[in-house]
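Down below is the structure, laid out as structure tokens.
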Amino acid sequence: MNCSHALYCVEDFLQIAYLLSNPIFASGIVILAFMLRNIPGRPWLISFAALSLFSSVFYSAIQIAQYTLWGDLLYLYKHYNDTMSVLNLLKFNILFPCFLLNLWTLKNLNIPIYTLFFSWRGRATRSMFWGISLLYVVLCLGLFNVLNNFFKSNSSLPVYAEAIFFLVFFFTLCVISWMTLMIHIKRWHDCNQSGWMMFLSLIPVIGPIGCMLYLGFAKGTDSENKYGRPVSVGAGPVPNAINNG
């Protein structure tokens, strides 16, 4: 810390206090998430809050290092900034939206978000299919943009830093791909077809295009079929499911 003049000391102290406010605020969100025991989608909120705390501590420590004698911490930014970018993508584009969507789906669709996105049981409408498909495209573009930046700016990273980045990257990619796979299976169910029909998309060229067109535009059965009742808005909350999702 530069204390050659009292004014500089006060300025640096205020800057550090401001930087510490982010982790403190994130800590408050974590505590609040644990206290809200009856809120729907609580695991999503806790996961979002925990990642927010982790990222705020990381970035605050890097910035505080500029005002203190902890200059060696700056290497962390170079080594792990791209990894943090993937975590932020996961945090803002999956975890928090899933928390908000869980509130809506429980109230209006009678389905917790975990069942909707991560289970192959049940059915899904055409609007759900297009919504998840669009989300998949947006998230994949964001992920591969981070990957592109990683290869451009980090040619000499330590092996462990690269390993952590790719571990986080592929975990996030697997989560996104699984969500998309589940919504495809549910769309086949909505059309009263087996989820194994998704393997038709492996047929070169015509398979993916044909499946996309069919799942995106084919109307599901109006009544209950062997895969369950049709998804309808306004079904009301699920009894004893307030903590699901």
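It should be emphasised that the depicted structure is a prediction, and the values quoted were computed from it without experimental measurement.
- Listed by chain and number, the residues in a side chain to side chain contact (heavy atoms under 4.5 Å, CB included) with I203 are L200, I206 (sequence neighbours excluded).
- Hydrophobic clustering keeps L167 apart from L173 (ILVMFWY residues linked when any side-chain heavy atoms are closer than 4.5 Å, directly or through intermediates).
- Judged as a ring pair (Phe, Tyr, Trp, His ring centres under 6.0 Å), and not counting sequence neighbours, F170 has no contacts.
- F144 meets the ring pair (Phe, Tyr, Trp, His ring centres under 6.0 Å) test with F169; sequence neighbours excluded.
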Report all side-chain donor-acceptor pairs from residues 207-217 shorter than 3.5 Å, counting only partners two or more places apart or in another chain.
none

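- Y227 and W120 sit in two unconnected hydrophobic clusters of ILVMFWY residues. Membership requires side-chain heavy atoms under 4.5 Å apart, directly or through other members.
- Atoms CE and OH, on M179 and Y136 in that order, are 11.5 Å from each other to the nearest 0.5 Å.
- A heavy-atom distance below 4.5 Å is not found between the side chains of L116 and V231.
- Here the CZ atom belonging to R187 is positioned 7.5 Å from the CZ atom belonging to F129, to the nearest 0.5 angstrom.
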Pair V86, F171 - check side-chain contact (heavy atoms from CB on, under 4.5 Å), show working.
CA-CA 10 Å; V86 179; F171 171 77; over 6 Å; no

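- Every residue meeting the side chain to side chain donor-acceptor pair (under 3.5 Å) condition with N225, not counting sequence neighbours, appears here in chain and number order: T221.
- Of the inter-residue distances, the one linking L51 atom CG with L87 atom CG reads 5.5 Å to the nearest 0.5 angstrom.
- Hydrophobic cluster membership of L53, counting Ile, Leu, Val, Met, Phe, Trp and Tyr whose side-chain heavy atoms lie under 4.5 Å apart directly or via other members: V30, F34, I46, V57.
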Stepwise side-chain contact (heavy atoms from CB on, under 4.5 Å) test for F165 and L147:
CA-CA 9 Å; F165 170 80; L147 184 65; 3.7 Å; yes

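- Two residues are said to be in side-chain contact when any heavy atoms from C-beta on lie closer than 4.5 Å; N102 and Y114 fail this criterion.
- Enclosure of atom CH2 in W130 by more than 12 non-hydrogen atoms of other residues, nucleotides or ligands within 6.0 angstrom is indicated.
- A distance of 8.5 Å separates CG in L95 from OG in S52, rounded to the nearest 0.5 Å.
- Contact record, I113 with C98: CG2-O, 3.8 Å, taken as the closest heavy-atom pair.
- The distance from the OG atom of S47 to the CZ atom of R42 is 11.0 Å, given to the nearest 0.5 Å.
- Membership of the apolar cluster around I29 extends to F25, as traced through chained side-chain contacts below 4.5 Å between ILVMFWY residues.
- Applying the salt bridge (charged side-chain N to carboxylate O under 4.0 Å, His left out) test to every pair with at least one member in residues 109-134, sequence neighbours left out, gives these pairs: R123-D190.
- We find the CD1-NE2 distance between I183 and H189 to be 11.5 Å, quoted to the nearest 0.5 Å.
- Contacts classified as salt bridge (charged side-chain N to carboxylate O under 4.0 Å, His left out) and involving residues 87-100 (residues at least two apart or in different chains) are not found.
- Within a 6.0 Å radius of CZ in F118, more than 12 heavy atoms belonging to other residues, nucleotides or ligands are found.
- Evaluation of the side-chain hydrogen bond (donor to acceptor under 3.5 Å, both in side chains) test over residues 171-180, restricted to residues two or more places apart or in two chains, returns none.
- Pairs engaging residues 195-205 under the salt bridge (charged side-chain N to carboxylate O under 4.0 Å, His left out) rule: none recorded [sequence neighbours left out].
- Under the side chain to side chain donor-acceptor pair (under 3.5 Å) criterion, K219 pairs with D222, not counting sequence neighbours.
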